[in-house]
Amino acid sequence: MKKILFATTALVASAGVVAADVSFSGYGRFGAISIDNPTPTPDVEGIYTRIRLQIDMTTEADNGLTFGARLRHQATSVNGAGYGGGFNGARFFARAGGLEIGVGNTFGAIEFMPGVYMSTQSADIGLSGLGFHSLVTNTAQKGYFNWDAYSSGGVGRDGVEVMYSAGDFGGHLSYSNTGGVERTGLHVRYAFNDWTVALGYQDSSLATEDKIVLTVGGNVGPAKLGLAYADNDGIGKFALTAGVEVGAATRVDAYISSEDGAAGGEAYGLGVSHSLGGGASLEGGFTRNDITDVNAVDLGIRFNF
Amino acid sequence: MKKILFATTALVASAGVVAADVSFSGYGRFGAISIDNPTPTPDVEGIYTRIRLQIDMTTEADNGLTFGARLRHQATSVNGAGYGGGFNGARFFARAGGLEIGVGNTFGAIEFMPGVYMSTQSADIGLSGLGFHSLVTNTAQKGYFNWDAYSSGGVGRDGVEVMYSAGDFGGHLSYSNTGGVERTGLHVRYAFNDWTVALGYQDSSLATEDKIVLTVGGNVGPAKLGLAYADNDGIGKFALTAGVEVGAATRVDAYISSEDGAAGGEAYGLGVSHSLGGGASLEGGFTRNDITDVNAVDLGIRFNF
Amino acid sequence: MKKILFATTALVASAGVVAADVSFSGYGRFGAISIDNPTPTPDVEGIYTRIRLQIDMTTEADNGLTFGARLRHQATSVNGAGYGGGFNGARFFARAGGLEIGVGNTFGAIEFMPGVYMSTQSADIGLSGLGFHSLVTNTAQKGYFNWDAYSSGGVGRDGVEVMYSAGDFGGHLSYSNTGGVERTGLHVRYAFNDWTVALGYQDSSLATEDKIVLTVGGNVGPAKLGLAYADNDGIGKFALTAGVEVGAATRVDAYISSEDGAAGGEAYGLGVSHSLGGGASLEGGFTRNDITDVNAVDLGIRFNF
């Protein structure tokens, strides 16, 4: 799926053996989307496309140290709106063994916590994710995507983070303080047999962004199961996700999520992925959000390069 | 300091053999341009440059299917204006044998019709194209470039298209409906011996954009000849183009085009291309448009990479 | 240090064997910066990052001719400001032996004159350059960076230039006339034993930009020394720079510069660079400018790719 442009040993005489490289990867997806909104919000129907081109630049220093940066160009369009543009903000890192320090457009501890996103091609249901209602950290009452994450189209939070893994254990601590909002994120995770449990936490200067998150995920026979719960500043949300290989190249994924509180409710999703080989697949899905009374469906091709 | 090395695609073990790749191509051209406008429009004289960097991202799925996307960065400058910027909108495609489906910033059926553009490096006369008056689909009375085409600097039309070829026959159908304008384009083409004939058609929600186009092109001894005619919403225009190899590395191209109607008239162009090897060439040309009373000349280097 | 990818170029059928390539190089740097300004200007403290991705596109024509273009994406951030964006303006060139002609976002004769910049990773002191007060062409009274140079983030001057080198001798002539400012720059240089002397000159339509520059640089034992003087429209400035390898992987650099005139004064800088191998290094520095009463310090990682 990944494309690696193999590097090159640069031969600047005075520099000795240098193992620097620039690699390109990414994906395209194109198809149709239909979002059925309640009156009076207009429905959205039409062509959906996204291109992601990611550039990873690294060099290997002595003693196992690796330094690098990641840039991305991403553009998403529904019926011609939202295309074009340049690069996002870069993430810089220094890595040694299981320890990595990141600076700039950081990944974020909540964003990278196992069990927050589904393990599908879109990281949720369908070709496009269809609203990402399966995430227990997204709530109608406290907000969507209000944690640090690598921004594909913007400059990101310009934070710092430390990631550590040792055998079955891992942890991730992230911090940012830009635009008047200060966030500290943390997750720890542990894997045993076919299961992974993770506990996450975010403290923000915006009280509505405070979070505690718990996830459990693993395999039961041919099925992949996930259970997640988050307290989002007093609003609880849980989600159950499942994925089953129903054939040699076909997989079905589904979720149900439930947000408590006076303005809470349920959301559901059902998706199918059919591999076409070579990193390409047919992806389709349907989601319903009872809280907002929105139904969404999409279908199309995704190819990784 | 520089050394040329080598790129290859690497494989992700779990994905089997993956033939995904990212390739880079494009061209640069730089030189001088002079556009002699009638009073009171100021003349344009000075340095002309253009850079085009094109990124093609593809993967080969099973059963001969290929999926891909094309991005482009292009910037054109005359005396320092018009430089810089990011990427255009992407075109996505799925291809199998002679059939290709495109989505997004589509190529367009009229744009890709044989005989519409000249078969020179600039696709018209000179280093820069010098106004593209040879195109029978460009008219002073009904408009220039009013059909779907892959936009190098913008987001494009976000349309859909189907391209098909089988032996000597080919066809191309494109459709878009953005910005309040709906266009359907179609061309069919047929090759026999050294000749190709093509018939094209565009139906637009803007009546002035309706077109019927007929082209014939082929070789007569050392000369390449083209004859084209278009009805542009009632305005007829024909063009005769010719190109002759006058030496081992030198080619001369010329055209005359004539637009009928009350405000019509003729345009002429004469250009020379001298190959320098390695995809580089010296390109120069002169055009005169009697309708607008504009003379233009340019000269410079083009190199493909 | 440089990484070169061989591009899959789309070949024009008639062009035969084409030796075109697209190569990627650049650097990342990330760390902390602190700028201590006099009251009432606020101090600057926080995270500093920069990414530079440079794309060199060339083709080799016959008879030793090379044609090419250079594009760059660069983004610098202090505490999250200044990120993202697209490409700069391109520089185009034609080269044969020791002669090179450049067009567009040109390098500039003063910018490329030996001894104007320090021979450190940042081209001055520290991770970021820390104000570039060591340059004798930068003066508080006549302006900073008021000569033609390849613009990393903008479109540049869109000029023309001729560079020539033959054995120990070299020369560089640049010209631009954009934005109402016309500049002619020239330098000549001569190398003998371990020393290089260079004489530069700029004539601008803005009198404050007129310059005469003289530099001498060479090696004395383990030290690299530089002495430079410039007359900047009547304001003289001299600088003494020195760099010493103090260990197998560690180098210390320092400068003192002095600007005459009623509002002149001195600036000092001290920096250290510790190589980590593979093109990566730890870079830190301190500068003080007596004229503006600004102290600056930075520390961080730089890696070339």
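Proteins get letters first, then strands, A, B, ... in listed order; numbering begins at 1 in each. Nothing here was measured: the structure is a model prediction, and the numbers come from that model. Just the heavy atoms: all of them, side chains too, but no hydrogens, waters or symmetry mates, feed the values below.
Counting all heavy atoms, side chain and backbone alike, C/V22 lies closest to B/F305 at CG2-CD1, 3.5 Å. Closest heavy-atom contact between C/F92 and B/R50: CE2-O, 3.2 Å. Scanning both residues, C/D62 and B/G278, for their nearest heavy atoms gives OD1-N, 4.5 Å.
Ring orientation note: the planes of C/F87 and B/H73 are tilted relative to one another, at an angle of 30° to 60°.
Inter-residue side-chain proximity for B/F303 and C/T58 is flagged as unmet; no heavy-atom pair is nearer than 4.5 Å.
Here C/L71 is the residue among C/I55, C/T178, C/L71, C/L65 with the most heavy-atom pairs under 4.5 Å with chain B.
Contact of B/L276 with chain C is made through backbone and side chain together, with heavy-atom distances under 4.5 Å.
Residue B/R302 holds its CZ atom at 13.5 Å from CZ of C/F67, rounded to the nearest 0.5 Å.
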